[in-house]
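Keep in mind that the numbers below use all heavy atoms, side chains included, and drop hydrogens, waters and symmetry copies. Everything numeric here is computed off the predicted structure, so don't read it as measured data.
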Amino acid sequence: MGKMKEQMPKENFDFNINIGKCLFNQRRMLGISQETVASKISMVRQGVSELELGNRNCTLYNFYLLIHELNISEETVIELLFDRKFLPK
């Protein structure tokens, strides 16, 4: 894990952390486990955990599956994707 963090630009890592927090909070609010989410989108539990921790980049397709599975609102997705603070300076 440490090596991945070292190679990832700070803005990218911060973006992944932000996405991960959103996924984690929504999953917990719904009261479902990482295992349940993972099985519904054909991932392994460890993959969901790594996404929630911000240690893994999320593919667009997995992001699409996750936002639908977790009922994340369009407004939240737009806020996450268009937050300019994650752009390189």
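The line from CZ of Phe13 to CG of Asn18 is 11.5 Å long, rounded to the nearest 0.5 Å. Taken from OG1 in Thr59 to CG in Asn57, the straight-line distance is 9.5 Å, to the nearest 0.5 Å. Separating the CG atom in Leu65 from the CG atom in Leu60 is a distance of 10.0 Å, to the nearest 0.5 Å. Separation of atoms CD (Glu35) and NZ (Lys40) is listed at 13.0 Å; rounding is to 0.5 Å. Atom CZ in Arg28 sits 10.5 Å away from atom OG in Ser33 (nearest 0.5 Å). A distance of 11.5 Å separates CZ of Arg27 from CG of Leu51, quoted to the nearest 0.5 Å.
Both Met43 and Leu30 are members of a single hydrophobic cluster when ILVMFWY side chains are connected at heavy-atom separations under 4.5 Å. The same ILVMFWY cluster, assembled from side-chain heavy atoms under 4.5 Å apart, contains both Ile32 and Ile41. Leu66 and Tyr61 fall within a single hydrophobic cluster, where Ile, Leu, Val, Met, Phe, Trp and Tyr side chains are chained together by heavy-atom contacts under 4.5 Å. At a threshold of 4.5 Å between side-chain heavy atoms, the hydrophobic network of Ile, Leu, Val, Met, Phe, Trp and Tyr places Val37 and Tyr64 in one connected group.
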Would you give me the side-chain donor-acceptor pairs under 3.5 Å for residues 67-77, sequence neighbours excluded?
residue, atom, partner, partner atom, Å
Ser73, OG, Thr76, N, 3.1
Ser73, OG, Thr76, OG1, 2.9

I'd like a table of donor-acceptor pairs (distance under 3.5 Å, sequence neighbours excluded) in which one partner is a side-chain atom from residues 78-88, with atom names and distances.
residue, atom, partner, partner atom, Å
Asp83, OD1, Lys85, N, 3.1

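Taking both residues in full, the closest heavy atoms of Arg56 and Gly47 are given as NH1-CA, 3.0 Å, listed atom of the first, atom of the second, then distance. The two residues Phe63 and Cys58 make their nearest non-hydrogen contact at N-SG, 3.4 Å.
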